[in-house]
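We number each residue from 1, following the sequence as shown.
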Amino acid sequence: MEEAATILMVCGLFSLSLFGILVFFYLLCSMKRILLLLIACVGLQWSAVAQTADFRKMSAMVRRAVIEQRVGPMRQARSTASVPRLCAFVRISGDADAVLRQYDCHKLAQWGDICVADIPLNRLAQLSKEQVVSRIEARESCRITLDTTAVLQHVRPVWQGEQLPQAFTGRGVVVGVQDVGFDLTHPTFYNKELTNYRIRRFWDQLSADTLGSGLYVGADYQTEAAILGCARSRDASIITHGTHTAGIAAGSGYDTDYRGMAWESDLCLVSNAVTEDTVFIDKQYYYKYTSATDALGFQYIFDYAASVGKPCVVSFSEGSHQSFWHEDQLLHEAIARMTGPGRIFVASAGNEGHLKTYVDKPGGVERRGTFLESTGKRVFVNLRSDGPFTLRTTVYEDGQPYAHDIQTADVCQQADSMWVDTVRLGTHDYTFTVVAYPAFYNQQLTACELYISTDESFGKTRPVSVEMVGSTAHVEMFKSSGTMTGNTCNAQIDDAVSAYSIYSPGCAQSAVCVGGMAYRSSVVNYRGETRVHDGRYGHEDCERYHAASIGPTFDNRVKPDVTANAVNVISAYGSYYIEQNPNAWDTGNDVAHFQFNGRTYGWNASTGTSMSTPVVAGAIALWLQACPSLTPEDVKGILERTCRKPDAAMSYPNNYYGYGEIDIYKGLLDILNVDGIEGISDHQPRQARFRLTADGELQVVVDTPEVPDYSLHLYSPAGICLTSSHNESLHVGRFPHGLYVVQLRSHVKGIEGSTLIRL
């Protein structure tokens, strides 16, 4: 009986176990079916996005906005009022207004067949399907092109003879500065006597004070009282970049020698949004701040200048990496249509000329690549190819390589042109996001984005290489985020070089793109502390700023167009920034602090093509005063004829200096057609100053211990010598009002030179 009971118990347990196993497998199969169903649903959802949107017409940011709206948190919005919206360029043939109205879009600006439109994200996919819509483009906000890790001492003045009543000071010209971080109360924005406040318009695109504003974002201020009442841009407590660049372009210098280039011009300022400003932007409004919104700012400045009948130059010390998918094509075309006679656009080259930014794998070569590093947890590169290839990522851990291959042909076959995968390489997971599809403007090329992320600082402890593999395709890789470098764990993978680092919109054909020069390598701050930087930043003899971005552009045009002082440029610093950041690195480079109307302001030495850009913009303002109808092509012609050639061994223009270093004075002589007068110097005297008295006496003051022999000569613009003197002064009051050239002759170096006066 006991044996029988034992057998029955064992059989029961076996039956129960068998039942449990069957239940387990049933549940497993059910879970698998559920998982497959979920995958299928997600796949159908992504596929539905692809089917209801024409991704071929969209730039990367626009495609991402469509996908996020359909499958991301933005889909929660139900009412029309709460639907997130995108500011984008749209190319439309035919009746643009009717098409945009049909999809609840608002037209914000138009240049021919290119519109800037405010588009509800839940109608974006449908808009892309319209036959008359051929392209929808937008990019993220730009970044400022300031190198805050290297701020240096005083620069050699570009414009000499400040005590002379110069013929050209920017009077009658509008200098527009679109930037971030403006202190509108800085005294440099008055004239030196503080009797004339020179900021005429200010649009803060981040302003929260939007009641009654008719602008797309933020609000503008149109009177002196309103501008001074506003006092600062919304982001002025975290950044003061715009105060500095506007001071370089057009500051009066207040009671110092830190005078800007066009110090009697009118100022029109736009505070846009950059990557540092995202803290001020509500998540639902993120897509309202794009490259298209930047274009609205440029148009705002040009429109103001047109309303007062004055020529205008816009200075833009910001930029983004170029896009070989032509994601900025419509932006560049819009800038070309905004500019023209009396309307010039100047933009910075960027500060990546010292970095490796490009890898080229020609057809017939099996593989080339680079190691990638980042202080963050993600890297991002762009690629383009004329055929399928393999993306090979290798992680090196304890000397062991772990490789992962992705075929671009497989990515292109995805309904949404996107491949997302998480792979364990060694002891860590790496997530790959790859987008690949035919480039919009050249269907023969495949455009590709590669994002790789992990849970630690990328490539620091575990080196990571990315290679382009396959001998049949010509493939190029361009840096976007992270650092291209070599590594001893595989010394053969080190093919990155410095090239193609010019930022957009500086790379636009109609833009005047500005690189940088360097003069000195130390700064003494207001506390008497000396900061010394290494020789890469220049010496007493001028050289190229090593970090200034270099060309060519992705379509192989020469950029930059010109260079100017980029290192240790001293200009205004905002009181609100100093107040909130008294111990910041950059405020430690303030060369002076002073009190004005109860607030503490500064003069700061900063470095980057952010600084050289307003130097050139201010110079062009002086040229526009001489010839208000100058076009972008005219300006580049002047640069070609008059720029100083820093490296005599190079041909010009080139991808390091453009036409060379700007010479403002020679440019003026060229514009006024007095550069060919025999006996007239093409430079101003370095050690002599002029003073014109009320009774018409032109006096010269020589800055040397011993007064040398010299002579003064007055020329008409026609090249006729009207009068001469071997004394310290020349009587010119009897001559008619107009422009004249004064020539100072001496055998002493630094004394001889010419200058322009207006009687």
Side-chain angles (χ1 to χ4, degrees), residues 53-66 69 80 83-142 178 203 205 213-218 220 270 272-273 285-304 306 314 316 320 323 325-340 343 345 440-441 504-505 508-511:
D54 192 340
F55 281 127
R56 296 171 303 172
K57 298 179 180 178
M58 298 180 184
S59 67
M61 183 183 191
V62 178
R63 288 194 309 276
R64 187 165 65 251
V66 171
Q69 198 278 326
T80 303
V83 171
R85 303 178 77 91
L86 165 75
C87 186
F89 295 99
V90 186
R91 192 190 293 275
I92 304 176
S93 60
D95 190 345
D97 292 297
V99 173
L100 294 173
R101 278 197 306 269
Q102 182 180 347
Y103 296 97
D104 192 30
C105 303
H106 303 146
K107 188 179 76 174
L108 305 171
Q110 184 170 1
W111 307 273
D113 62 348
I114 300 173
C115 298
V116 172
D118 174 51
I119 308 167
L121 291 188
N122 61 357
R123 305 299 299 276
L124 181 56
Q126 297 167 281
L127 177 66
S128 72
K129 303 286 284 186
E130 279 286 341
Q131 187 175 358
V132 295
V133 174
S134 59
R135 183 67 171 167
I136 307 175
E137 284 181 7
R139 293 190 73 180
E140 289 86 351
S141 300
C142 293
Q178 182 158 312
W203 177 13
Q205 295 187 346
S213 174
L215 295 167
Y216 175 60
V217 289
D220 72 333
V270 174
N272 66 329
Y285 300 133
Y286 174 77
Y287 285 113
K288 297 187 77 171
Y289 293 90
T290 69
S291 55
T293 321
D294 289 339
L296 296 177
F298 306 149
Q299 188 64 56
Y300 175 89
I301 296 170
F302 285 128
D303 284 348
Y304 166 71
V314 172
F316 190 56
S320 302
S323 169
W325 326 16
H326 298 279
E327 288 191 294
D328 284 337
Q329 178 73 21
L330 300 187
L331 171 62
H332 294 178
E333 290 189 36
I335 291 172
R337 297 179 190 188
M338 290 183 209
T339 54
R343 300 186 308 277
F345 179 79
F440 179 79
Y441 290 102
S504 174
Q509 190 155 0
S510 58

Engineer: Evaluate side-chain contact (heavy atoms from CB on, under 4.5 Å) for Arg56 paired with Ser128, printing each intermediate quantity in order.
Structural biologist: CA-CA 9 Å; Arg56 296 171 303 172; Ser128 72; over 6 Å; no

Engineer: What's the separation between atom CD1 in Ile92 and atom CD in Glu130, rounded to the nearest 0.5 Å?
Structural biologist: 9.0 Å

Engineer: Quick check against the 3.5 Å criterion: does Gln178 have a side-chain atom that pairs as donor or acceptor with the backbone of Val314?
Structural biologist: no

Engineer: If you define the side chain from C-beta out and look only at heavy atoms, does anything of Leu127 sit under 4.5 Å from Val99?
Structural biologist: yes

Engineer: Is any side-chain heavy atom of Val62 less than 4.5 Å from a side-chain heavy atom of Tyr287?
Structural biologist: no

Engineer: Are the side chains of Val270 and Gln205 in contact, using a 4.5 Å heavy-atom criterion?
Structural biologist: yes

Engineer: Checking Trp203 side chain against Val217 main chain: does a donor-acceptor pair fall under 3.5 Å?
Structural biologist: yes

Engineer: Among residues at least two apart in sequence or on other chains, which ones pass salt bridge (Lys or Arg N to Asp or Glu O under 4.0 Å) with Asp113?
Structural biologist: Arg91, Arg337

Engineer: Between Lys107 and Leu100 (side chain of the first, backbone of the second, donor and acceptor by atom type, cut-off under 3.5 Å), is there such a pair?
Structural biologist: no

Engineer: Can you name the nearest heavy-atom pair linking Leu108 to Ala117, along with the distance?
Structural biologist: CD1-C, 4.2 Å

Engineer: Kindly write out the residues that satisfy ring pair (Phe, Tyr, Trp, His ring centres under 6.0 Å) with Phe298, not counting sequence neighbours, or none if the list is empty.
Structural biologist: Phe316, Phe345

Engineer: Any side-chain heavy atom of Trp111 within less than 4.5 Å of one from Gln299?
Structural biologist: yes

Engineer: Are the side chains of Asp104 and His106 in contact, using a 4.5 Å heavy-atom criterion?
Structural biologist: yes

Engineer: Let me confirm one number: the OH-CG distance from Tyr300 to Asp220, rounded to the nearest 0.5 Å.
Structural biologist: 3.5 Å

Engineer: Identify the heavy atoms of Phe89 and Ala292 that sit nearest to each other, and give their distance.
Structural biologist: CE1-CA, 3.5 Å

Engineer: For Asp328, does its backbone N or O pair with a side-chain atom of Arg139 as donor and acceptor, under 3.5 Å?
Structural biologist: no

Engineer: Taking the side chain as C-beta and beyond, is there a heavy-atom pair between Tyr286 and Glu140 under 4.5 Å?
Structural biologist: yes

Engineer: Closer than 3.5 angstrom, by distance alone: can the side chain of Arg63 be matched with the main-chain N or O of Met58 as a donor-acceptor pair?
Structural biologist: yes

Engineer: Any heavy-atom pair between the side chains of Asn272 and Thr293 that's under 4.5 Å?
Structural biologist: no

Engineer: Return the SG to CG distance between Cys115 and Leu330, rounded to the nearest 0.5 Å.
Structural biologist: 10.0 Å

Engineer: How many angstroms lie between OG in Ser320 and CG in Leu331, if you round to the nearest 0.5 Å?
Structural biologist: 9.0 Å

Engineer: If every non-hydrogen atom of Cys105 is compared with every non-hydrogen atom of Pro120, which pair is closest and at what distance?
Structural biologist: SG-CD, 4.1 Å

Engineer: Out of curiosity, Arg343 CZ to Ile335 CD1, how far, rounded to the nearest 0.5 Å?
Structural biologist: 13.0 Å

Engineer: Taking side chain as C-beta onward, heavy atoms only, is His332 less than 4.5 Å from Ser504?
Structural biologist: yes

Engineer: Measuring from atom CD of Glu137 to atom CD of Gln329, what distance do you get when rounded to the nearest 0.5 angstrom?
Structural biologist: 6.5 Å

Engineer: Count the heavy atoms belonging to other residues, nucleotides or ligands that lie under 6.0 Å from CD of Gln509, then report whether that count exceeds 12.
Structural biologist: no

Engineer: Apply side-chain contact (heavy atoms from CB on, under 4.5 Å) to residues Val116 and Tyr216 and explain how you reach the verdict.
Structural biologist: CA-CA 11 Å; Val116 172; Tyr216 175 60; over 6 Å; no

Engineer: Which atom pair, heavy atoms only, marks the closest approach of Ala334 to Ile114?
Structural biologist: N-CD1, 4.3 Å

